[in-house]
Amino acid sequence: MDCDNDGDVVYTRYLYNKNEVRQNLFVSLLESNIEQALFWLFELYYSGFEEDTLDYLMEIYHLVYKRLHPKLEKYIESMIDKWRTDNDL
């Protein structure tokens, strides 16, 4: 569970539990529900968890998509590197 240093639950900008936002993003991607996945992705990202969002997307890629789409990894990594340099995707 995502908690701060005091053990309190972390909330997003619209007061969703951060851990539940991550879970909903994962399920939305598994269900190929792009609109819903984008909603949860933006909720996480625009709540100030930019690095965490990108790291989580890479984690999902490695868990689910890498075996079928191995070449996608270089593209994702290059986009993340671009974001880290320009802070703009």
Side-chain angles (χ1 to χ4, degrees):
M1 179 180 290
D2 284 306
C3 299
D4 65 10
N5 293 336
D6 297 326
D8 296 328
V9 174
V10 175
Y11 293 98
T12 63
R13 65 184 176 158
Y14 292 126
L15 301 178
Y16 292 104
N17 178 308
K18 181 183 173 195
N19 192 49
E20 291 176 3
V21 170
R22 289 168 50 107
Q23 291 170 348
N24 286 327
L25 172 58
F26 186 74
V27 170
S28 298
L29 288 169
L30 289 178
E31 293 176 344
S32 299
N33 187 334
I34 303 303
E35 195 171 306
Q36 190 173 3
L38 286 172
F39 173 83
W40 295 117
L41 178 79
F42 292 153
E43 178 62 19
L44 191 59
Y45 184 88
Y46 289 112
S47 293
F49 305 112
E50 296 94 346
E51 283 282 341
D52 184 51
T53 302
L54 299 175
D55 292 342
Y56 189 55
L57 286 175
M58 281 304 292
E59 185 180 329
I60 292 170
Y61 167 76
H62 286 287
L63 283 170
V64 179
Y65 301 106
K66 185 175 182 173
R67 190 173 62 87
L68 294 175
H69 306 284
K71 294 180 181 179
L72 190 57
E73 184 170 19
K74 285 186 180 183
Y75 175 75
I76 295 170
E77 287 175 347
S78 72
M79 293 302 292
I80 290 173
D81 288 342
K82 180 180 176 358
W83 176 84
R84 286 190 174 125
T85 303
D86 304 337
N87 204 3
D88 181 33
L89 290 177

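Residue numbers count from 1 along this sequence.
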So, taking the atom named CD1 in Ile76 and the one named NZ in Lys66, what distance separates them when rounded to the nearest 0.5 Å? 10.5 Å
Hey, does Val64 have a side-chain heavy atom less than 4.5 Å from the side chain of Leu30? yes
Contact check, side chains of Tyr45 and Asp52, non-hydrogen atoms, under 4.5 Å: no
Hey, can you pull the donor-acceptor pairs under 3.5 Å for the side chains in residues 55-63, sequence neighbours left out?
| from | atom 1 | to | atom 2 | distance (Å) |
| --- | --- | --- | --- | --- |
| Tyr56 | OH | Arg22 | O | 3.1 |
| Tyr61 | OH | His69 | O | 2.7 |
| Tyr61 | OH | Pro70 | O | 3.3 |
| Tyr61 | OH | Glu73 | N | 3.3 |
| His62 | NE2 | Glu73 | OE2 | 3.4 |

With clusters defined by side-chain heavy atoms of hydrophobic residues (ILVMFWY) lying less than 4.5 Å apart, directly or transitively, does Tyr75 cluster with Leu54? yes
Evaluate Tyr65 against Leu29 for side-chain contact (heavy atoms from CB on, under 4.5 Å), listing each step before the verdict. CA-CA 10 Å; Tyr65 301 106; Leu29 288 169; 3.6 Å; yes
For the OG1 atom of Thr12 and the CG atom of Asn19, what is their distance to the nearest 0.5 Å? 12.0 Å
Any chain of hydrophobic side-chain contacts (each under 4.5 Å) joining Leu44 to Val27? no
If we ignore hydrogens and angles and just use 3.5 Å, is the side chain of Ser47 paired with the main-chain N or O of Arg13 as donor and acceptor? yes
Any chain of hydrophobic side-chain contacts (each under 4.5 Å) joining Leu25 to Tyr14? yes
Heavy-atom pair of closest approach, residues Glu43 and Val21: CG-CG2, 4.2 Å
Lys18 to Phe49, cation-pi by 6.0 Å centre distance and 45° axis angle: yes
Ring centers of Tyr16, Trp40 separated by less than 6.0 Å: yes
Distance in Å, Glu31 CD paired with Gln36 CD, rounded so as to fall on 0.5 Å steps: 6.5 Å
